[in-house]
Protein chains: 2
Amino acid sequence: MPEFLDLHGRTGKALRALADEAMRRHGLHVGQNVLLAALWERDGSTPGEVAAALHVTTPTVVKMATRMTAAGLLTRVRDDRDNRLVRLWLTDAGRALQGPVESERRRMEDAVTADLTDAEREHLMSALTKIHRSATELLGASGPADHDDPAAG
Amino acid sequence: MPEFLDLHGRTGKALRALADEAMRRHGLHVGQNVLLAALWERDGSTPGEVAAALHVTTPTVVKMATRMTAAGLLTRVRDDRDNRLVRLWLTDAGRALQGPVESERRRMEDAVTADLTDAEREHLMSALTKIHRSATELLGASGPADHDDPAAG
DNA sequence: CTGAGGTCGTTTGCCGTCTAACGATTACCG
DNA sequence: CGGTAATCGTTAGACGGCAAACGACCTCAG
């Protein structure tokens with residue numbers, strides 16, 4: 001029963017449930033808001049680009065895009081110049097959610113970290129960053145190459 | 001793009017991938033080791049008991065138990081006294097994994113927190129605990145009652 | 001211009017998670 | 001003793017995540 005892994009996992013579960021609840025208020029599933037965020041940042045991205053930005057695989061984006069297209073949040077358009085590519089474009093409905101969803105997400109972050117002092121928050125981010133780096137490096141050993149910051153160190 | 005939520009999420013993904021890789025070395029899927037851990041702690045538990053111990057729902061445990069039974073890690077036995085109940089019993093194969101898997105998990109925790117000083121680790125656990133509590137409480141408001149520490153505060 | 005190889009998105013299939021609905025069994029009250 | 005209510009495990013269906021296989025398209029050498 002390792003302490004940190006367990007605590008991190010349970011915290012993640014709680015945060016996920018909280019986000020799910022919050023996003024449901026806007027008619028979204030929990031994963032959809034991050035896909036939307038990628039398009040708010042760069043509308044007309046391809047599934048592969050979105051996947052890279054979100055640190056998930058392409059099939060995951062494809063599935064989500066299918067549901068979100070059915071939900072009227074975005075549209076799929078094949079690229080004229082390169083017919084292999086598909087571009088995901090926000091609909092008005094998808095664009096309209098940006099404000100509400102972003103503030104909802106900020107509110108959640110604030111609420112969840114409300115009990116921490118500024119110093120605690122900094123230490124937390126710092127420690128989590130170190131752990132993230134360690135985990136990613138351990139993964140890199142005979143694992144998948146992430147191409148996020150391999151040589152740029 | 002809230003900082004903490006994003007970082008926590010990415011860290012969780014990396015940790016999960018790492019655990020997945022580690023457990024695969026023992027022929028397990030990532031979720032199976034925690035179910036086994038519950039039975040190592042209390043062999044012959046019911047799906048409901050395991051679910052409560054793991055902070056997941058009963059159907060989740062049922063599905064995993066089905067696969068793990070097929071994999072020869074445990075067996076399902078109906079309780080004689082109360083025929084609604086099902087008891088999950090470890091097989092020799094399931095028991096044999098306890099040592100290796102537990103040390104694997106400890107090794108992973110150590111490796112991942114190796115860059116932190118003792119003080120940093122304590123602060124991290126403390127901050128994460130606060131966040132977990134905040135998230136759980138926010139969830140409690142018109143959400144599912146978890147019965148984990150409602151009055152015992 | 002043609003064929004081989006690389007790049008995409010998609011499909012398929014699995015794992016873990018949840019909620020909702022269902023069926024069987026037990027417990028409790030009259 | 002009987003019937004309703006509570007308790008369990010299971011099933012069904014959905015979402016988010018991954019890896020592997022596939023098919024369509026582009027590129028580039030020849």
Side-chain angles (χ1 to χ4, degrees), chain A residues 9-10 12-21 23-24 27-36 38 45-52 54-71 73 76-88 139 143-146, chain B residues 9-10 12-21 23-24 27-36 38 45-52 54-71 73 76-88 139 143-146:
Chain A
R10 277 185 296 128
K13 192 186 299 289
L15 290 176
R16 185 182 186 75
L18 197 59
D20 193 66
E21 191 177 285
M23 290 309 151
R24 203 189 317 273
L28 292 179
H29 294 276
V30 70
Q32 300 185 338
N33 86 86
V34 293
L35 200 161
L36 284 179
S45 296
T46 67
E49 289 168 351
V50 172
L54 265 44
H55 304 281
V56 299
T57 60
T58 307
T60 297
V61 171
V62 169
K63 276 193 192 178
M64 287 172 50
T66 299
R67 297 180 201 122
M68 291 169 74
T69 298
L73 294 170
R76 265 193 175 92
V77 180
R78 289 218 93 95
D79 188 303
D80 281 344
R81 282 189 275 272
D82 187 339
N83 233 287
R84 290 170 302 185
L85 302 182
V86 162
R87 305 213 161 267
L88 305 177
L139 220 47
D146 214 347
Chain B
R10 279 186 296 130
K13 192 186 300 290
L15 291 176
R16 184 181 187 77
L18 198 59
D20 193 66
E21 191 176 285
M23 290 309 151
R24 203 189 319 273
L28 292 179
H29 294 274
V30 69
Q32 300 185 339
N33 86 85
V34 293
L35 199 161
L36 285 179
S45 295
T46 67
E49 288 168 353
V50 172
L54 267 42
H55 304 281
V56 299
T57 60
T58 307
T60 297
V61 171
V62 169
K63 277 193 189 176
M64 288 173 49
T66 299
R67 297 180 200 124
M68 292 170 74
T69 298
L73 294 169
R76 265 194 175 90
V77 180
R78 290 218 91 95
D79 189 303
D80 281 343
R81 283 189 274 271
D82 187 338
N83 233 287
R84 291 171 301 185
L85 301 182
V86 162
R87 304 215 161 264
L88 304 178
L139 219 47
D146 215 349

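Note on naming: letters A, B, ... go to the chains in the order of the sequence lines (proteins, then strands), and numbering restarts at 1 for each one. When reading the values below, keep in mind they use all heavy atoms of this one structure, side chains included, and skip hydrogens, waters and symmetry mates.
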Chemist: Side chain of B:Lys13 only, please: which of D:dC25, D:dC18, C:dT10 is the nearest?
Modeler: D:dC18

Chemist: If you pin A:Arg24 and B:Arg16 to their nearest nucleotides in DNA chain C, which one's is more 5'?
Modeler: B:Arg16

Chemist: Mind checking if A:Thr46 touches a base, just sugar-phosphate, or nothing, with heavy atoms under 4.0 Å?
Modeler: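 Answer is sugar-phosphate: A:Thr46 comes under 4.0 Å of backbone atoms only.
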
Chemist: Closer than 4.0 Å, any side-chain N/O of B:Thr57 to the OP1 or OP2 of C:dT17?
Modeler: no

Chemist: When you get a sec, tell me which of C:dG9, D:dG9, C:dT25 is the closest nucleotide to the side chain of B:Val62?
Modeler: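 Closest nucleotide among those given: D:dG9.
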
Chemist: Would you mind telling me which of C:dT26, D:dG16, C:dT10 lies closest to the side-chain atoms of A:Gln32?
Modeler: D:dG16

Chemist: Check whether any side-chain heavy atom of A:Glu49 sits under 4.5 Å from a side-chain heavy atom of A:Arg87, and report yes or no.
Modeler: yes

Chemist: Would you indicate which nucleotide in C:dT10, D:dC8, D:dG17 comes nearest to any side-chain atom of A:Pro59?
Modeler: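 When the side chain of A:Pro59 is considered, C:dT10 is the closest of C:dT10, D:dC8, D:dG17.
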
Chemist: Can you find a heavy atom in the side chain of B:Leu85 that is under 4.5 Å from one in the side chain of B:Arg78?
Modeler: no

Chemist: For B:Val61 and B:Val56, which heavy atoms make the closest approach, and how far apart are they?
Modeler: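 Looking at all heavy atoms of both residues, the closest pair is CG2-CG2, 3.8 Å.
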
Chemist: Quickly, which of B:Leu28, B:Leu73, B:Val50 forms a side chain to side chain contact (heavy atoms under 4.5 Å, CB included) with B:Leu35? Name it, please.
Modeler: B:Val50

Chemist: Between C:dC18, D:dG9, C:dT26, which nucleotide has the shortest distance from any of its atoms to the side chain of B:Asp82?
Modeler: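 Side chain of B:Asp82 sits closest to C:dT26.
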
Chemist: Tell me what A:Arg76 touches on the nucleic acid: a base, only sugar-phosphate, or nothing, going by heavy atoms under 4.0 Å.
Modeler: sugar-phosphate

Chemist: Which is true for A:Val61 with a 4.0 Å heavy-atom rule: it touches a base, it touches only sugar-phosphate, or it touches nothing?
Modeler: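 No contact.
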
